[in-house]
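In what follows, a single structure is set out as structure tokens and then discussed.
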Amino acid sequence: MGFDCDVAIVGAGPYGLSTAAHLIAADGLDVRVFGEPMTFWESKMPAGMLLRSPWAASNLSDPERTGTIDRFRAASGGAFGAPVPLGRFVDYGRWFQRTYVPTVDRRGVARVEGLPEGFQIELDDGETVRARRVVVAAGIERFSWRPPEFDGLPSHLVSHSVEQKDLSAFAGKKVIVTGGGQSGLESAALMHEAGADVEVLVKKPSVVWLTRGWNHQAPIVSQMLYAWPDVGPAGASHLVARPALYRRMPRRVQDPLARRSIRAAGAAWLMPRLQDVPIRTGVAVREAARSNGHIALTLDDGTRRTADHVLLATGYKVDVARYPFLDPSLTGQISRVGGHPRLDDGFECSVPGLHFVGAPAAWSHGPLMRFVAGSAFAARSVARSIVPRRG
């Protein structure tokens, strides 16, 4: 059977581009990347957003570790720092693509089907490509989670945060944001600054702010307690930062550590921007219904709220079966845990030759895979797995 390429990568975000950069560096390996570079970050994140990730944790990865955001800033002449503005991060990703992954097929992938050997990929214009291996780097958009209380309500009354690019459209409106993580808190700040009347509802008893205490300011103590890129609580971040070690710990250790490491939290620099935004903690929405052109909420403490719109900053729940391009017969062969594929050291699932990077890899390789900083480990691991076995 003839193949058109050795590896096809579905997705051109930080994980897809980093993986491609590492694979392309292997002489003789034919790699094709499908998708518009950084399109999720440009079209699905709110205008005016700042990255929560620290500067050093915002790098994409190439084998020589030269494609850093520092180098991009120097090459572009741009004057920006941390927190990194969304637009500059998109520019950085596209600079990285032009520099390290110069050939990208911007067509979308409509379907990936398994063959007796390898895979057949149908593009959105009907053309087909045969690949020995496929790396799925398709991001999290399809995993957005909408609580069942909001089922059946129209998009003009309720939407997920991933559906809102221009939050200034809510100027002059009453908006309720549900969720106390970075997405909800920053969306609330942006809408408030645009002239909306905003209230935030948080299920947890308090908002977690990522402040930097004395232990971060003392270099020796900080290095002992926290490992770059500072994902997870003190001490535990050393395990999160080492996915090869993390994946070999018992599940009874991994699972609570993962929950603790990715809990909802907001960057400290948001605090002054939310001083005039009411934040109610310890409450959850019990019912939601239309009410005279508005949306009425009944909270679990018995109180009610009425608004023009509810923005759901309720996060994402991974389920690779929700990727529309994966053929159901292929998805059915993937061993999964709660929607996450079980992956080996090379990020390969139970279907030979099919790899997943990014958030779907978090069950197997830890919470670092939910952050840009995890792209370096994933790219290196996939490359080590694939390159020796090509042929």
Side-chain angles (χ1 to χ4, degrees), residues 5-42 51 53-78 80-82 84 86-106 131 133-139 227-229 231 241-244 345-348 355-359 361 365 368-390:
C5 63
D6 293 301
V7 184
I9 298 177
V10 181
Y15 275 85
L17 293 174
S18 295
T19 303
H22 282 257
L23 291 172
I24 289 170
D27 293 339
L29 195 63
D30 186 353
V31 180
R32 298 194 187 180
V33 181
F34 297 97
E36 189 68 39
M38 302 297 289
T39 184
F40 173 81
W41 291 84
E42 181 180 54
L51 269 63
S53 297
W55 182 269
S58 300
N59 289 309
L60 278 64
S61 178
D62 66 281
E64 302 301 322
R65 303 182 181 184
T66 57
T68 63
I69 196 167
D70 283 292
R71 186 179 175 197
F72 162 70
R73 182 171 62 179
S76 65
F80 67 98
V84 180
L86 172 64
R88 299 304 293 167
F89 183 66
V90 171
D91 292 341
Y92 163 54
R94 289 177 174 164
W95 168 86
F96 183 95
Q97 177 262 304
R98 293 191 300 270
T99 307
Y100 299 95
V101 191
T103 302
V104 171
D105 190 324
R106 286 169 164 76
R133 292 178 176 272
V134 170
V135 177
V136 177
W228 178 94
V231 174
R242 295 167 173 82
D345 288 351
F347 287 69
E348 187 175 9
H355 303 250
F356 290 86
V357 294
H365 292 277
L368 187 64
M369 298 304 110
R370 296 175 67 97
F371 299 86
V372 172
S375 62
F377 178 84
R380 290 194 302 269
S381 299
V382 172
R384 280 195 301 266
S385 171
I386 291 177
V387 173
R389 293 189 280 175
R390 73 177 186 268

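Since the model is a prediction, treat every value here as computed from it, not as a measurement. Side-chain atoms are counted along with the backbone in the values below, which use heavy atoms only and exclude waters and symmetry mates.
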For [X], all residues meeting side chain to side chain contact (heavy atoms under 4.5 Å, CB included), sequence neighbours excluded:
X	answer
Arg73	Trp55, Asp70, Phe80
Ser76	Phe72, Arg88
Leu86	Trp41, Met45, Met49, Val90, Lys165

Extract all donor-acceptor atom pairs below 3.5 Å that involve side chains of residues 368-383 and protein atoms in other chains or at least two apart in sequence.
unit_1: Ser375; atom_1: OG; unit_2: Val372; atom_2: O; d: 2.8
unit_1: Ser381; atom_1: OG; unit_2: Phe377; atom_2: O; d: 2.8

Could you tell me if the side chain of [Y] sits less than 4.5 Å from the side chain of [X], heavy atoms only?
X	Y	result
His355	Ile386	yes
Pro14	Met38	yes
Asn59	Tyr92	yes

Residues forming a side chain to side chain donor-acceptor pair (under 3.5 Å) with Asp30, sequence neighbours excluded: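 By the side chain to side chain donor-acceptor pair (under 3.5 Å) rule, Asp30 matches no residue at all.
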
Partner set under side chain to side chain donor-acceptor pair (under 3.5 Å) for Thr66, not counting sequence neighbours: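 Side chain to side chain donor-acceptor pair (under 3.5 Å) check on Thr66 returns Asp62, Tyr100.
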
Inter-residue atom distance [X].[atom1] - [Y].[atom2], 0.5 Å rounding:
X	Y	atom1	atom2	value
Arg94	Thr99	CZ	OG1	14.0 Å
Leu23	Leu29	CG	CG	6.0 Å
Ile9	Asp105	CD1	CG	12.5 Å

State, to 0.1 Å, how close [X] and [Y] come at their nearest heavy-atom pair, and which atoms those are.
X	Y	answer
Ala25	Pro63	CB-CG, 3.6 Å
Ala20	Val33	CB-CG2, 3.5 Å
Ala26	Val387	CB-CG2, 3.7 Å
Thr68	Trp95	O-CZ3, 3.9 Å
Ser61	Ser18	N-OG, 3.0 Å
Val101	Leu17	CG2-O, 3.6 Å

Could you list the residues that satisfy ring-ring contact (aromatic ring centres under 6.0 Å, His included) with Phe40, not counting sequence neighbours?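 ring-ring contact (aromatic ring centres under 6.0 Å, His included) list for Phe40, sorted by chain: empty.
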
I'd like to check the ring-ring contact (aromatic ring centres under 6.0 Å, His included) partners of Phe34; sequence neighbours left out, ordered by chain and number.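 Once residues adjacent in sequence are excluded, Phe34 has no partner under the ring-ring contact (aromatic ring centres under 6.0 Å, His included) criterion.
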
Test salt bridge (Lys or Arg N to Asp or Glu O under 4.0 Å) applied to Arg106 - qualifying residues, sequence neighbours left out: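 Checked Arg106 against salt bridge (Lys or Arg N to Asp or Glu O under 4.0 Å); matches are Glu36.
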
